[in-house]
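This is a predicted model, so every value here is computed, not measured. The residues of the chain are indexed from 1 along the displayed sequence. Just follow the structure's listing: the first ligand is 1, and inside any ligand the first atom is 1.
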Amino acid sequence: MRQLVWFKRDLRIDDHAPLYEAARQGAVLPVYIIEPDYWQQPDTSLRQWHFIKASLQRLDQELTKLGQPLIIEVGPASHVLLALCQKFQICQVHSHEETGNLWTYQRDLAVARALKRQSIPWRQYRQFAVLRGSVNRDHWQRETDTWLKEPLVPRPARLPLLHEPDPKPLPELTRSRDIGACIQRFDALLTTTYDSFFRNRHQHYLRSIGKPAASAEHSSRLSPFLAYGELSLRQLFQDTQLKLQHSAANRANLSAFLSRLRWHCHFIQKFETEPAIEFLPMHSGFIGFREDSFEPHRYSSWCTGHTGYPLIDACMRALLATGWLHFRGRAMLASFASYYLGLPWRPIALHLAKCFIDYEPGIHYPQIQMQCGVTGINVNRMYNPVKQSKERDPSGSYIRYWVPELATVPTSWIHTPWLMPGSVRQRFASLVSYNYPAPIVDPDAAIKSARHALLQWKEKLDPIDWQVRKQQVIEKHASRRRPHRHVTTKVSTRQIGLPGFEDL
Ligand SMILES: Cc1cc2nc3c(=O)[nH]c(=O)nc-3n(C[C@H](O)[C@H](O)[C@H](O)COP(=O)(O)OP(=O)(O)OC[C@H]3O[C@@H](n4cnc5c(N)ncnc54)[C@H](O)[C@@H]3O)c2cc1C
């Protein structure tokens, strides 16, 4: 009974239920499909593909040690899978569930239809503490915690050789308008990133979390490995819990880290429940908000890190160069683009998605909407870029590193170079050619206008209607430790509900 395991965003062999279950039932063909059309989507970029490429090489080495190398094919998944099923007389396809963007959801529907036509069952397994179908947020926390604590799935002892693929290099993909490769990487290896975090980097996790340079060192930096599944979230969760039990000194740091692993699933659950938020704001009253105020010049200055606000530009340039940014930096970039530059949330989401190597749609879209103020249930976070700069990078060392035009600006002016008196500027200008832009918007006027625009927009809708829509968001998405007394209906839908095999 030959089985096919379709590797998607789960490039590992440990705690991999599809691989383990398939191997129990027969010989396994492990397959990864490169889908050129996916890599043309506006939220993807080649820097993500370069990361995946390295993960695929490691996955292939692991599978080869078990006995069956990885088969890598190029083309639309439904065609590739059908062709492989026919060629190798496959009885069943196994994969993890994916909470992806609309493109991957439609791809999965096409795969389900194609396999059903050939009467080949497709079994999908849970990869995160995320529920499909009807979700009751009252019990979500308990159910997902139970899943996170379940025993890990062992790796198969061996995989009998079914097919020896021809050794060939992975294809080079191209894109017409790509964001560009990363010029600096933190660490491309899971083992070294993981070991160094738990050995010592985590000891300053909490203290560093909001500071740009320190968090680059003391955050786990495991996000890309989680996003493409080289590391199992459940394994990381359980390892952290174990370390927490044996580490009296670092309880606060490890507990904070553990909460973030729960947030990972909490956010993906929001996207799984309401995938439309890839395109539409969570609070439907915000449909169309700021769309008329899109200014291409402001957008391109923000995208390239030339807004004239030193910390904003440093964060954007760090992201462009490395593909990673700490949480506060991401939040600040999104909030600044929305409130100070008046840009609509969706182009903000797309640019950041392309920049992030760890792009995870399920975290990304709910977070973006929260930071851009269109969920209707979160406090509006209008981070003041100058205040943030003074608090988070007081010496200006991060700014100087990423914005070399400001490298020699004295600390007293590093956060507000536009306020430098003429005499200082003259002295400074004689040393270097100073070509840093003036602030793209006046901070006080911009925030005043953001507040005004928000109020005006909300006034367009009847206040009761606004409240009703807000309540709908709370019922669908808010996490609850205790049951919500007023909610009588269960929220259902999934990712447009990937139908059961029989429903197609
Ligand atoms: C606008 C915006 C967009 C974001 N987009 C993404 C994204 O596409 N992919 C992504 O992985 N994270 C995203 N995040 C969340 C967070 O910023 C990153 O997970 C984190 O910075 C990754 O670095 P780390 O692995 O060192 O984090 P750590 O602090 O070491 O956290 C460990 C893991 O916990 C999870 N996590 C941490 N913080 C959060 C959070 N606030 N919400 C949900 N999960 C969290 C991540 O899986 C992370 O890898 C976004 C945040 C914002 C504000």
Side-chain angles (χ1 to χ4, degrees), residues 9 43-45 47-48 51 99-101 127-130 148 186-187 190 193-194 196-198 201-212 214-237 239-240 253-271 277-278 302 315-316 318-319 322-338 343 345-375 378 381 383 479:
R9 293 175 74 114
D43 50 351
T44 66
S45 58
R47 53 176 57 192
Q48 296 158 2
F51 186 90
T99 306
N101 60 12
Q127 144 137 280
F128 297 131
V130 170
L148 281 167
F186 174 71
D187 205 323
L190 170 59
T193 310
Y194 180 100
S196 64
F197 179 67
F198 283 112
R201 289 193 294 114
H202 75 277
Q203 290 167 12
H204 300 292
Y205 182 73
L206 265 179
R207 190 197 301 171
S208 313
I209 214 155
K211 301 177 190 153
S215 64
E217 175 64 24
H218 297 287
S219 280
S220 72
R221 308 294 299 258
L222 288 168
S223 49
F225 302 103
L226 290 169
Y228 305 109
E230 201 173 331
L231 174 63
S232 141
L233 180 92
R234 184 162 57 176
Q235 178 167 5
L236 179 61
F237 184 88
D239 288 355
T240 311
N253 288 308
L254 289 173
S255 300
F257 179 67
L258 208 58
S259 322
R260 272 138 191 97
L261 299 182
R262 285 199 175 90
W263 292 359
H264 168 282
C265 298
H266 166 75
F267 278 92
I268 297 184
Q269 184 67 66
K270 288 178 193 258
F271 194 56
I277 61 174
E278 181 183 350
W302 175 78
C315 284
M316 184 60 90
L319 175 60
T322 66
W324 184 87
L325 192 62
H326 64 302
F327 170 78
R328 178 57 71 96
R330 298 181 196 216
M332 215 176 46
L333 286 182
S335 150
F336 179 82
S338 310
L343 298 168
W345 68 274
R346 175 111 171 122
I348 301 172
L350 292 180
H351 177 71
L352 291 179
K354 280 187 290 199
C355 290
F356 294 156
I357 290 183
D358 62 21
Y359 169 50
E360 174 66 77
I363 301 178
H364 189 66
Y365 289 104
Q367 275 288 358
I368 284 281
Q369 293 211 6
M370 201 159 105
Q371 307 304 337
C372 296
V374 293
T375 64
N378 301 103
R381 296 180 168 92
Y383 297 108
S479 56

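Those atoms of ligand 1 with a heavy atom of Phe267 less than 4.0 angstrom away are 42 (N), 43 (C). Atom numbering of ligand 1 starts at 1 in the shown order; those under 4.0 Å from a heavy atom of Leu226 are 47 (O), 49 (O). Taking every heavy atom of Leu222 and a limit of under 4.0 angstrom, the matching atoms of ligand 1 come to 25 (O). With ligand atoms numbered from 1 in the order given, ligand 1 contributes 11 (O), 22 (C), 23 (O), 25 (O), 49 (O) to contacts under 4.0 Å with heavy atoms of Ser223. Set against the non-hydrogen atoms of Phe257, the atoms of ligand 1 under 4.0 Å away are 30 (O), 31 (O), 32 (C). Shown in contact with Phe356 at under 4.0 Å from a heavy atom are these atoms of ligand 1, numbered in order with element: 3 (C), 4 (C), 5 (N), 8 (O). For ligand 1, the atoms closer than 4.0 angstrom to any heavy atom of Arg221 are 24 (P), 25 (O), 26 (O).
Atom 27 (O) of ligand 1 has Ser220 OG, 4.1 Å as its closest protein atom, hydrogens excluded (heavy atom only). Phe327 CD1, 4.1 Å is the protein heavy atom nearest to atom 16 (C) of ligand 1. Remark: minimum distance from atom 33 (C) of ligand 1 to any protein heavy atom is reached at Leu261 CD2, 3.8 Å. His364 ND1, 3.6 Å is the protein heavy atom nearest to atom 3 (C) of ligand 1. Protein heavy atom in closest approach to atom 42 (N) of ligand 1: Gln367 NE2, 3.2 Å. Protein heavy atom at the shortest distance from atom 36 (N) of ligand 1 is Arg260 O, 3.6 Å. Looking from atom 6 (C) of ligand 1 to the surrounding protein, the closest heavy atom is Arg330 NH1, 3.5 Å. The protein non-hydrogen atom at the shortest distance from atom 23 (O) of ligand 1 is Trp324 NE1, 3.0 Å.
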**Request:** Apply side chain to side chain contact (heavy atoms under 4.5 Å, CB included) to the pair His266 and Gln269, showing each step before the final yes or no.
**Result:** CA-CA 5 Å; His266 166 75; Gln269 184 67 66; 5.9 Å; no

**Derivation of the side chain to side chain contact (heavy atoms under 4.5 Å, CB included) call for Met316 and Phe336** = CA-CA 11 Å; Met316 184 60 90; Phe336 179 82; over 6 Å; no

**Request:** Test side chain to side chain contact (heavy atoms under 4.5 Å, CB included) on Phe327 and Arg260 and set out the steps.
**Result:** CA-CA 11 Å; Phe327 170 78; Arg260 272 138 191 97; over 6 Å; no

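A heavy-atom distance below 4.5 Å is found between the side chains of His264 and Phe128. Residues Trp302 and His351 are in side-chain contact: their nearest non-hydrogen atoms beyond the backbone lie under 4.5 Å apart. Annotation: side chain of Ile209 is not in contact with side chain of Ser215 (no heavy-atom distance under 4.5 Å).
Only the side chain of Tyr205 comes within 4.0 Å of ligand 1, judged by heavy-atom distances. The backbone and the side chain of Asp358 each have at least one atom closer than 4.0 Å to an atom of ligand 1 (non-hydrogen atoms only). With a 4.0 Å cut-off on non-hydrogen atoms, Leu325 touches ligand 1 through its backbone and not its side chain.
Between Phe198 and Phe257, the angle of the ring planes goes over 60°, which puts this pair in the perpendicular group of the 30/60° scheme.
For atom 47 (O) of ligand 1, the nearest non-hydrogen atom from the set His202, His326, His264 belongs to His264.
Between Tyr359 and Tyr228, the gap from one ring centroid to the other reaches at least 6.0 Å.
A search for ring-ring contact (aromatic ring centres under 6.0 Å, His included) contacts involving Tyr365 returns Phe271, not counting sequence neighbours. Ser208 is linked by a side-chain contact (heavy atoms from CB on, under 4.5 Å) to His204, Ala214, His218, counting only residues two or more places apart in sequence or in another chain.
Of the inter-residue distances, the one linking Lys211 atom NZ with Arg328 atom CZ reads 12.0 Å to the nearest 0.5 angstrom.
Both the sub-6.0 Å distance and the 45° axial angle are satisfied by Arg330 relative to the ring of Phe356.
At least one N or O atom of Glu360 sits closer than 3.5 Å to an N or O atom of ligand 1.
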